[in-house]
Amino acid sequence: MTYTKEQYIDLINQALETYLYSVNDGQDIVVDAMRYSVRNGGKCVRPMLVLEFCRVCGGNVEDALPFACALEMIHTYSLIHDDLPCMDDDDMRRGKPSCHKQFGEAYALLAGDGLLTLAFETLTKAKNIDASDIVRAVQTLSERSGVSGMIGGQVIDLLSEDGEPDDALLRRIDRLKTGALIQASVRLGCIAAGVTDEKILKAADVYAQNIGLAFQIVDDILDVTSSTEALGKPVGSDEKNDKVTFVKLLGLEKCKALAEELTGNAVQALDDLPGDTKFLTDFAKALAVRKN
């Protein structure tokens, strides 16, 4: 069975409601903040990749839902923390007040922590997946979201603010800060399907690496060319903070050409996957030309 983006988003949102369970000891405000942020109109890029890679590799999509939800929890926690005054200090996220503006800084911090820990609890609830593969999933998500992945990328990004990063450093930051979770997404999808074939895993990694970098380049383009209304968050913040981006380094036209080239590389990598890859082809192309 094949799925549309809308069907995947419905599946993901329904599953997230299941895993964001209620608590009754007076700490419900934190769960409210967690739910507020998870529900806040995201594109579900990462969890969709989990589900579609599982499907393409012959797995059961519904079995992969705990893995997909765990990815979305990790991603959402990172956004909550990114918006805090000590980081990017953004008041809006996806067209709504950021978590710390809605619930206060302390509860937002705890909501992010709550989603981080709930993600690993959710991974362990996967059914019809071998325990050894669940361990692989925990290891993969830990590595890609920790200091050797997303958090590490954020650290290098902060350290680079006082210097003049070049193209190589920007690519390194993106590979960790943005790309690591996208790579985790495709890997978790493969793991949910029981894939051990290194050729397939390598193809999944190449796809993820290329769309991850293209995603960040398009983000940089939109920060210059889009509007706050279209993006649902402030634009022009990179220029305001004098931050070096791909657009500042390469210019708009070269960035557009590079995003197109990377998308082509991603699509080519799909030749080594066993199933129908039309969804993943269209997905990569849509990310490269998105307007928000």
Side-chain angles (χ1 to χ4, degrees), residues 12-47 50 65-126 134-159 173 176-185 187-188 232-233:
I12 292 159
N13 287 336
Q14 290 170 21
L16 282 167
E17 283 298 316
T18 300
Y19 296 119
L20 281 163
Y21 52 80
S22 299
V23 289
N24 302 303
D25 295 321
Q27 71 272 45
D28 50 303
I29 186 173
V30 173
V31 178
D32 290 343
M34 293 161 65
R35 186 173 281 112
Y36 171 84
S37 297
V38 166
R39 282 178 172 175
N40 199 8
K43 293 184 282 291
C44 292
V45 167
R46 294 153 190 82
V50 175
L65 277 168
F67 288 6
C69 289
L71 243 303
E72 187 66 2
M73 289 172 189
I74 292 284
H75 175 58
T76 303
Y77 117 75
S78 74
L79 298 181
I80 293 173
H81 284 189
D82 274 352
D83 289 339
L84 289 172
C86 64
M87 299 293 284
D88 292 344
D89 195 16
D90 283 330
D91 292 346
M92 299 294 291
R93 170 67 63 179
R94 297 168 178 166
K96 295 181 181 179
S98 301
C99 188
H100 71 275
K101 298 302 291 186
Q102 188 75 12
F103 293 90
E105 188 174 345
Y107 290 125
L109 179 67
L110 291 170
D113 293 344
L115 285 168
L116 169 60
T117 50
L118 181 59
F120 291 98
E121 178 183 339
T122 301
L123 280 179
T124 66
K125 292 182 177 179
I134 293 175
V135 171
R136 287 172 65 201
V138 170
Q139 182 179 13
T140 297
L141 189 54
S142 300
E143 290 175 350
R144 303 303 197 278
S145 60
V147 293
S148 60
M150 179 184 69
I151 291 175
Q154 182 66 66
V155 171
I156 298 170
D157 194 18
L158 287 170
L159 290 170
I173 291 170
L176 297 174
K177 184 178 175 181
T178 302
L181 270 197
I182 292 178
Q183 189 180 38
S185 303
R187 279 276 177 156
L188 287 187
K233 62 180 181 179

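A side-chain donor-acceptor contact under 3.5 Å links R35 to the backbone of L20. Of the possible donor and acceptor atoms, none in the side chain of T122 sits under 3.5 Å from a partner among the backbone N and O of A70.
Atom NZ of K101 sits about 11.0 Å away from atom CG of D83, to the nearest 0.5 Å. Here the CD1-SG distance, from I74 to C69, works out to 12.5 Å after rounding to the nearest 0.5 Å. For the atom pair T76 OG1 and R39 CZ, the distance stands at 12.5 Å (nearest 0.5 Å). Rounding to the nearest 0.5 angstrom, the gap separating the OH atom in Y107 from the CG atom in L109 is 12.5 Å. Here the straight-line distance linking atom NZ of K96 with atom OG of S37 works out to 10.0 Å at 0.5 Å rounding. Note: H75 NE2 to D82 CG = 9.0 Å, rounded to the nearest 0.5 Å.
When every heavy atom of P47 is checked against every heavy atom of I12, the shortest pair comes out as CB-CD1, 3.6 Å. Minimum interatomic distance between A108 and L84 (heavy atoms only, all atoms of both residues): CB-CD2, 4.0 Å. Closest of all the heavy-atom pairs between A126 and P66 is CA-CG, 3.7 Å.
Counting heavy atoms of neighbouring residues, nucleotides and ligands inside a 6.0 Å radius, atom CZ of F103 exceeds 12 of them.
Judged by distance alone, the side chains of E72 and Y19 never bring a donor and an acceptor atom under 3.5 Å apart.
Within the 4.5 Å cutoff, the side chain of S145 has heavy atoms near those of the L181 side chain. The side-chain heavy atoms of M73 and L16, taken from C-beta on, include a pair separated by under 4.5 Å. Side-chain contact check for H100 versus P85: some heavy-atom pair is nearer than 4.5 Å. By the 4.5 Å heavy-atom criterion applied to side chains, I80 and R93 are not counted as neighbours.
Looking at L118, V38, L116 one by one, the single match for side-chain contact (heavy atoms from CB on, under 4.5 Å) with Y77 turns out to be L116.
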Task: Steps toward side-chain contact (heavy atoms from CB on, under 4.5 Å) verdict (F67, L141) - done: CA-CA 9 Å; F67 288 6; L141 189 54; over 6 Å; no
TODO: Go through the steps for L176 and R144 under the test side-chain contact (heavy atoms from CB on, under 4.5 Å), then give the verdict.
DONE: CA-CA 8 Å; L176 297 174; R144 303 303 197 278; over 6 Å; no
- [ ] Begin from the C-alpha positions of T117 and D113 and carry the test side-chain contact (heavy atoms from CB on, under 4.5 Å) through to its verdict.
- [x] CA-CA 6 Å; T117 50; D113 293 344; 5.8 Å; no
TODO: Output, in order, the C-alpha distance, side-chain angles, deciding distance and verdict of side-chain contact (heavy atoms from CB on, under 4.5 Å) for Q154 and H81.
DONE: CA-CA 11 Å; Q154 182 66 66; H81 284 189; over 6 Å; no
